[in-house]
K.L.:
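The structure follows.
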Amino acid sequence: MNSIDSTVAVITGGSSGIGKALAKECLQKGYNVVIGARRKDVLKRCEAELSTYAGDSGAVSSCVLDVSDEKSIIRFADFCNQKYGKIDLLFNCAGIAVCKEFERTSSAEFTEVAAIDYAGTALMVKYSLPLLQKSGKGHIVAVSSMAGVMGVYGYSAYSPAKYAVVGFAEVLRAELIPHGIAVSLVLPADTQTPQFVAENATKPEITKRISGTIKPMSAEKAAKCIMKGLAKKRFLIIPGFMSKFIYHINRLFPNLMYAYSKRVIQKYLKRNSKKR
């Protein structure tokens, strides 16, 4: 076992998007970082790139990880144990998004999204818990989504899985008090990542219109917001002013967002009917 005293940050989905941006932030702070993702070739390229951000006190390593496969999670946790013997920060960033109307979403897509976005987060925490306890200052970060606190047209597979992550984080926050392990919940809005590009390929026009002209946040900016939230020991972290505003408006006036969506949908349907 490699005995190193510096902070150990473990990041699922660490080869791209917010996960990769968080890895950069952690390395620049001198942390030791372990990233996990499904594709070995992409993972190794990312590890090589991230190594340029590591200072004298930190290092980056990688291990193939498929959070929808329990055996893969166990192997990954064992790798972390052999490497450092503890985990201080566990970032659950691995996730996929399918954006289609309910009737167009296949049963396989529902199953895959739930297996990765929710069950993958829960199982990753389960097998990492002993290493987080060894830290003495463990912190779990669950990455959900703004779609995890409000139902959005086209996200019938994605939203429920991310809602589950919200509930899971709230339960963990209470249950881990006796263990001294902190929990944070992150609710990013649209973020410019490879996943966002992929979901846009199937995203219904109505969903695009509901999102409006709000520019997606960069993964780097989201990562900086997350790290600032962790430094302030916040449970709920919402990157971006507009996302915070929408979150609180939806909490205070839950029917307002529905009314807005309904108006957009009806306007779209009316316009399309005139074209026929």
Side-chain angles (χ1 to χ4, degrees), residues 9-14 16-22 36-38 65-70 72-73 76-77 87 89-99 105 109-129 132 138-152 154-177 181-191 193 195-196 198-199 217 219 222-223 225-227 229-230 234-240 243-244 246-247 250-251 254 257:
V10 172
I11 306 171
T12 74
S16 65
I18 293 175
K20 182 179 178 181
L22 282 167
R38 288 187 288 187
L65 171 65
D66 179 354
V67 298
S68 67
D69 180 348
E70 190 169 4
S72 179
I73 292 174
F76 183 80
I87 295 174
L89 273 169
L90 173 62
F91 291 96
N92 292 280
C93 299
I96 61 169
V98 172
C99 189
T105 306
E109 287 170 326
F110 276 111
T111 301
E112 185 181 24
V113 173
I116 293 174
D117 291 15
Y118 168 58
T121 296
L123 288 174
M124 190 65 215
V125 171
K126 179 180 178 65
Y127 290 107
S128 301
L129 201 53
L132 286 154
H139 198 140
I140 296 166
V141 181
V143 179
S144 178
S145 167
M146 286 295 288
V149 290
M150 60 180 72
V152 181
Y155 285 110
S156 59
Y158 182 69
S159 275
K162 289 300 189 179
Y163 264 88
V165 172
V166 172
F168 177 63
E170 290 176 346
V171 171
L172 275 185
R173 186 189 188 193
E175 288 195 6
L176 295 182
I177 289 172
I181 296 174
V183 176
S184 291
L185 172 66
V186 182
L187 303 178
D190 286 345
T191 308
T193 65
Q195 174 183 285
F196 181 70
E199 73 181 73
M217 178 181 287
C225 290
I226 292 168
M227 296 303 290
L230 296 182
R234 289 178 177 164
F235 168 67
L236 184 62
I237 302 172
I238 306 175
S243 295
K244 290 186 183 75
I246 293 172
Y247 172 82
N250 190 60
R251 294 267 292 185
M257 290 304 295

K.L.:
What residues, two or more places apart in sequence or in another chain, satisfy side chain to side chain contact (heavy atoms under 4.5 Å, CB included) together with S128?
P.N.:
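By the side chain to side chain contact (heavy atoms under 4.5 Å, CB included) rule, S128 matches I87, L90, M124, L132.
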
K.L.:
Quick check for you: to the nearest 0.5 Å, what is the distance between M146 atom CE and D190 atom CG?
P.N.:
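One finds 10.0 Å between CE of M146 and CG of D190.
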
K.L.:
Considering only heavy atoms from C-beta outward, does the side chain of F91 approach that of T12 to under 4.5 Å?
P.N.:
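The answer is no; the side chains never approach within 4.5 Å.
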
K.L.:
So do the side chains of E112 and I96 get within less than 4.5 Å of each other, counting heavy atoms only?
P.N.:
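Result yes, sub-4.5 Å side-chain heavy-atom pair found.
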
K.L.:
If only side-chain N and O atoms count, and only distance matters, is there a donor-acceptor pair under 3.5 Å linking E199 with Y155?
P.N.:
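On atom types as modelled, these side chains qualify, holding a pair under 3.5 Å.
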
K.L.:
With the side chain counted from C-beta on, respond yes when M227 and L22 share a heavy-atom pair under 4.5 Å apart, and no when they do not.
P.N.:
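Touching, per the 4.5 Å side-chain cut-off.
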
K.L.:
Which heavy atom of Y127 sits nearest a heavy atom of I73, and at what distance?
P.N.:
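Looks like CD1-CG2, 3.8 Å.
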
K.L.:
Check the pair L230 / S184 against side chain to side chain contact (heavy atoms under 4.5 Å, CB included), numbers first and verdict last.
P.N.:
CA-CA 7 Å; L230 296 182; S184 291; 3.5 Å; yes

K.L.:
Decide yes or no for V67 and T121: does some side-chain heavy atom of the first lie under 4.5 Å from some side-chain heavy atom of the second?
P.N.:
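Answer no - side chains too far apart.
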
K.L.:
Please tabulate, one pair per line, all N/O donor-acceptor pairs under 3.5 Å involving side-chain atoms of residues 161-176, not counting sequence neighbours.
P.N.:
unit_1, atom_1, unit_2, atom_2, d
K162, NZ, V143, O, 3.1
Y163, OH, V149, O, 3.2
Y163, OH, M150, N, 3.1
Y163, OH, G151, N, 3.3

K.L.:
Pair T191, F196 - check side chain to side chain contact (heavy atoms under 4.5 Å, CB included), show working.
P.N.:
CA-CA 7 Å; T191 308; F196 181 70; over 6 Å; no

K.L.:
Show the nearest heavy-atom pair for residues S144 and G148, with the distance to one decimal.
P.N.:
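Closest approach of S144 to G148, heavy atoms only: OG-CA, 3.9 Å.
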
K.L.:
Pick one: which of I246, I238, I237 meets side chain to side chain contact (heavy atoms under 4.5 Å, CB included) with L187?
P.N.:
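For L187, the side chain to side chain contact (heavy atoms under 4.5 Å, CB included) check succeeds only for I238.
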
K.L.:
Check G240 against C225 and note the closest heavy-atom contact, atom names and distance.
P.N.:
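Smallest heavy-atom distance, with atoms named: N-SG, 4.3 Å.
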
K.L.:
Suppose we screen for side chain to side chain contact (heavy atoms under 4.5 Å, CB included). Which residues come up paired with S156, at least two apart in sequence or across chains?
P.N.:
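Residues passing side chain to side chain contact (heavy atoms under 4.5 Å, CB included) with S156: F102, T105, F110.
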
K.L.:
For residues S16 and T193, determine if any side-chain heavy atom of one lies less than 4.5 Å from a side-chain heavy atom of the other.
P.N.:
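A side-chain contact is absent here, since even the closest heavy-atom pair is not under 4.5 Å.
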
K.L.:
Got a second to check how far I11's CD1 is from L65's CG, nearest 0.5 Å?
P.N.:
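If we round to the nearest 0.5 Å, I11:CD1 and L65:CG are 12.0 Å apart.
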
K.L.:
Below 4.5 Å, heavy atoms only, C-beta onward: do I18 and P188 meet side chain to side chain?
P.N.:
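Yes, at least one pair of side-chain atoms sits under 4.5 Å.
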
K.L.:
Does A147 offer a backbone N or O that forms a donor-acceptor pair with the side chain of S159 under 3.5 Å?
P.N.:
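Yes.
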
K.L.:
Would you mind reporting whether N92 and I140 have side-chain heavy atoms less than 4.5 Å apart?
P.N.:
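Result yes, sub-4.5 Å side-chain heavy-atom pair found.
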
K.L.:
Any heavy-atom pair between the side chains of C99 and Y158 that's under 4.5 Å?
P.N.:
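No, every pair of side-chain atoms sits at 4.5 Å or beyond.
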
K.L.:
Return the NZ to CG distance between K244 and L236, rounded to the nearest 0.5 Å.
P.N.:
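It comes to 9.0 Å.
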
